[in-house]
Amino acid sequence: MNDNDLLLNLNDRRFVMVSSTASAVDPEGPTEFTYRESGGIIWGDYTGDTVVHGRFVGTRDGDRLEITYVHLLKNGERASGQSGSRIETFPDGRLRLVEEFQFAGDDAQHVSVCAEVTGT
């Protein structure tokens, strides 16, 4: 693991969705993601404006994530899919995830952006 990998380590980092081409994002209650990481393995959970509960698992190689996810929507439907994300750094040191994702059974490609939140 090099120095850049340590800076990008996602363990215990939280992110909120700021935009998505798949749905409108509620700025008052956006979907929030909590990441865990160990040895390049990524996992975590999320909940928010349209999601009751979601989980994901995947890998990180440098600034790239490859993830499989599944979640239960507030309307009772389930959704799953795969995504590839690029980790970027804000000038203040927080991280941003730019994610290209696709729902299972759907050929449409979507893009979302999540920003790291700090504090409680």
Closest non-hydrogen atom pair, Val51 against Lys74: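 The answer is O-CE, 4.0 Å.
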Pairs touching residues 18-33 that satisfy salt bridge (Lys or Arg N to Asp or Glu O under 4.0 Å), sequence neighbours left out: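 Residue pairs passing salt bridge (Lys or Arg N to Asp or Glu O under 4.0 Å), neighbours aside: Arg14-Glu32.
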Pairs meeting criterion salt bridge (Lys or Arg N to Asp or Glu O under 4.0 Å) with involvement of residues 100-117, two or more places apart: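 Found Arg13-Glu116.
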Working for side chain to side chain contact (heavy atoms under 4.5 Å, CB included), residues Val25 and Val18: CA-CA 7 Å; Val25 175; Val18 295; 6.0 Å; no
Residues which pass side-chain hydrogen bond (donor to acceptor under 3.5 Å, both in side chains) with [X], listed by chain and number, not counting sequence neighbours:
{"X": "Glu88", "value": "Arg86, Arg96"}
{"X": "Tyr69", "value": "none"}
{"X": "Arg78", "value": "none"}
{"X": "Ser83", "value": "Glu99"}

Donor-acceptor contact present, side-chain Thr21 to main-chain Val111, <3.5 Å: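 Indeed, once roles are kept as given, a pair shorter than 3.5 Å links the two residues.
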Connected-component partners of Val70 among ILVMFWY, side-chain separation under 4.5 Å: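 The other cluster members (ILVMFWY side chains, heavy atoms under 4.5 Å, direct or chained): none.
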List the residues meeting salt bridge (Lys or Arg N to Asp or Glu O under 4.0 Å) with [X], not counting sequence neighbours, and say none if there are none.
{"X": "Asp92", "answer": "Arg94"}
{"X": "Arg36", "answer": "Asp12"}
{"X": "Glu66", "answer": "Arg64"}

Residue pairs, two or more places apart or on separate chains, that pass side chain to side chain donor-acceptor pair (under 3.5 Å) and touch residues 41-58: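 Non-adjacent pairs meeting side chain to side chain donor-acceptor pair (under 3.5 Å): Thr31-Asp49, Tyr46-His71, His53-Arg55.
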For Tyr35, ring pair (Phe, Tyr, Trp, His ring centres under 6.0 Å) partners two or more places apart: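 Scan of Tyr35 (ring pair (Phe, Tyr, Trp, His ring centres under 6.0 Å), adjacent residues dropped) gives Phe15, Phe56.
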Intermediate values then yes/no, side chain to side chain contact (heavy atoms under 4.5 Å, CB included), Thr59 and Leu65: CA-CA 6 Å; Thr59 58; Leu65 306 177; over 6 Å; no
